[in-house]
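Residue indices begin at 1 and follow the sequence shown. Order of listing sets the numbers, starting from 1, for every ligand and every atom in it.
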Amino acid sequence: MDTQLAIQTDVSLKSLNTFGIESVAARFLEVRGVQDLEAVYRDPFLKELPRLVLGGGSNLLLVSSRYEGIVLKMVNKGMAVERDDGQSTYIRVCAGELWHDFVMWTLRNGYPGLENMSLIPGTVGAAPVQNIGAYGVELKDCFYSLRAFDFHSGQMVELDREDCAFSYRDSIFKHEMKDRLVIIDLTFVLPKAWTPNIGYGDVASVLRAEGISDPTPEDISRAIIAIRQRKLPDPNVQGNAGSFFQNPTVSAETLAQLRESHPNIPSYPQSDGRFRIAAGWLIDQCGWKGKQLGRAGVCATQALVLVNCGGAEGGEIATLAKAIQADVKAKFGIELNPEPSFI
Ligand SMILES: Cc1cc2nc3c(=O)[nH]c(=O)nc-3n(C[C@H](O)[C@H](O)[C@H](O)COP(=O)(O)OP(=O)(O)OC[C@H]3O[C@@H](n4cnc5c(N)ncnc54)[C@H](O)[C@@H]3O)c2cc1C
């Protein structure tokens, strides 16, 4: 084993996942830069171990009480303007930075564009994995490229927006590049011409209530932070991973059929002619809001959020998720797909 690497053994992951679920990592390494990954790759024993790349642990469910592999916890830091072409600013940021800290840094330094994604938990490095999004903006809208370490070749690779195959809460990192690429840093492109995006959710009404008719990026960020703090349970108080299921997308024909028995079903038209359905509404209609199964529960104010009611094991959350999926399938014929990775 490479003695240069500060590998820890039997490390509790309880404080490193927002569900607050106990699971012990057989091996654990804080990754401060690509040289740490190269050293893991060079070590014939470590290279063959199962790998979990860990950011803030806010989009995963630890279903086993022990992880018999190596956890690579991304802690590399740094953000800086890379270049400016007159039209846009290109900013490079390391995977281990917290996403919200990065958004605040861009606003403080006069580079708007990310304000609608204020207060999303987790790290910058995980943001492309599910193409994070909120309040009408997705990561892909301001993404330029990323650099990642490839555990197949032992080399660094660079991927642009097209390579990443971003779509709703999805990317290549959930499919063919899963367990293969470790994202090291990202470059964002933020156009200098800024237009506010306040057409989603309660943002406009919160700004109106504050008497703001011509909002700055900071105003929008503040409004979104306030809405999120009001609507979503704080993982430090009640363990959760935000929305547990993706909002399903159905064809116009399927929606028309659903409307015959459920005329109030909320639906949102998509650019491809299909419709997105609010998963939280489906779960609520099945009577799950505020209910508990063992030590796992459904948030009383947001049916889309599953919570750790205290001391839950990952398996209990997974059992609750399965029961919800079965009920939604039976009542509406719709499959719900989880957002978090099951580890
Ligand atoms: C209260 C709450 C609210 C949330 N709101 C939103 C929201 O509005 N919009 C939204 O999109 N998401 C939301 N989420 C989900 C979550 O914040 C995001 O998915 C976030 O990007 C996860 O980051 P993380 O660092 O915690 O990732 P982790 O949970 O640590 O990892 C998630 C996945 O990414 C992989 N991964 C992590 N880092 C890397 C890397 N450097 N290279 C390769 N793979 C990596 C992991 O292996 C894992 O499969 C919310 C979560 C919570 C708890």
Side-chain angles (χ1 to χ4, degrees), residues 13 16-21 31 33-34 36-37 50-62 67 69-76 93-103 114 116-141 146-151 157 159 164 166-175 177-186 200-201 224-225 227-247 299 301-302 304-308 338-343:
L13 301 176
L16 300 177
N17 72 99
T18 59
F19 262 122
I21 284 167
V31 176
V34 69
D36 290 334
L37 299 174
R51 277 182 302 277
L52 167 61
V53 186
L54 183 63
S58 65
N59 208 24
L60 45 83
L61 179 63
L62 298 166
Y67 182 73
I70 182 165
V71 171
L72 301 170
K73 164 83 178 138
M74 303 307 291
V75 297
N76 58 329
V93 52
C94 289
E97 292 283 359
L98 290 180
W99 173 262
H100 181 66
D101 289 354
F102 171 54
V103 174
L114 301 175
N116 287 41
M117 293 190 282
S118 297
L119 213 62
I120 297 181
T123 54
V124 170
V129 175
Q130 75 153 0
N131 178 31
I132 60 167
Y135 294 94
V137 178
E138 289 183 323
L139 171 111
K140 72 170 169 49
D141 302 330
L146 62 76
R147 299 189 309 158
F149 182 79
D150 183 353
F151 262 96
V157 291
L159 276 67
C164 295
F166 292 124
S167 61
Y168 168 66
R169 299 295 181 271
D170 206 10
S171 74
I172 196 169
F173 306 103
K174 282 192 166 185
H175 304 283
M177 291 302 154
K178 189 171 161 22
D179 300 327
R180 173 170 168 181
L181 294 188
V182 180
I183 297 163
I184 300 292
D185 57 37
L186 279 79
Y200 194 97
I224 285 173
I225 289 171
I227 296 168
R228 292 183 68 101
Q229 285 174 333
R230 198 175 65 233
K231 285 196 165 170
L232 289 170
D234 178 354
N236 292 317
V237 178
Q238 190 166 45
N240 73 87
S243 304
F244 196 88
F245 297 103
Q246 295 173 353
N247 291 314
C299 179
T301 49
Q302 274 286 339
L304 197 47
V305 177
L306 303 194
V307 294
N308 180 351
E339 260 192 25
S341 315
F342 284 45
I343 308 296

When only distance counts, is [X] in polar contact with ligand 1, meaning an N/O pair under 3.5 Å?
| X | answer |
| --- | --- |
| G133 | yes |
| I183 | yes |
| N240 | no |
| Q130 | yes |
| I120 | no |
| V53 | yes |

Checklist outcome for this item: Logged contact type for L181 with ligand 1, heavy-atom cut-off 4.0 Å, is backbone
Checklist outcome for this item: Counting heavy atoms under 4.0 Å, the part of R169 that contacts ligand 1 is side chain
So which protein heavy atom does [atom] come closest to, and at what separation?
| atom | answer |
| --- | --- |
| atom 27 (O) of ligand 1 | A126 CB, 3.2 Å |
| atom 50 (C) of ligand 1 | P121 CD, 3.7 Å |
| atom 8 (O) of ligand 1 | R228 NH1, 2.9 Å |
| atom 29 (O) of ligand 1 | N59 N, 2.7 Å |
| atom 22 (C) of ligand 1 | S58 OG, 3.3 Å |
| atom 49 (O) of ligand 1 | S341 OG, 2.9 Å |

Can a donor-acceptor pair be found, under 3.5 Å and without considering hydrogens, that links the side chain of [X] to the backbone of [Y]?
| X | Y | value |
| --- | --- | --- |
| N240 | P233 | yes |
| W99 | I132 | no |
| N116 | V137 | no |
| R169 | G133 | yes |
| N17 | L13 | yes |
| S171 | Q130 | no |
| D185 | L146 | no |

Item to check | Residue pair L232 / V305: nearest heavy atoms and the distance that separates them | outcome: CD2-CG2, 4.0 Å
Checklist entry - Is the shortest side-chain N to carboxylate O distance from D179 to R51 below 4.0 Å? => result no
Checklist entry - Which ligand 1 atoms are under 4.0 Å away from a heavy-atom of L60? => result 28 (P), 29 (O), 30 (O), 31 (O)
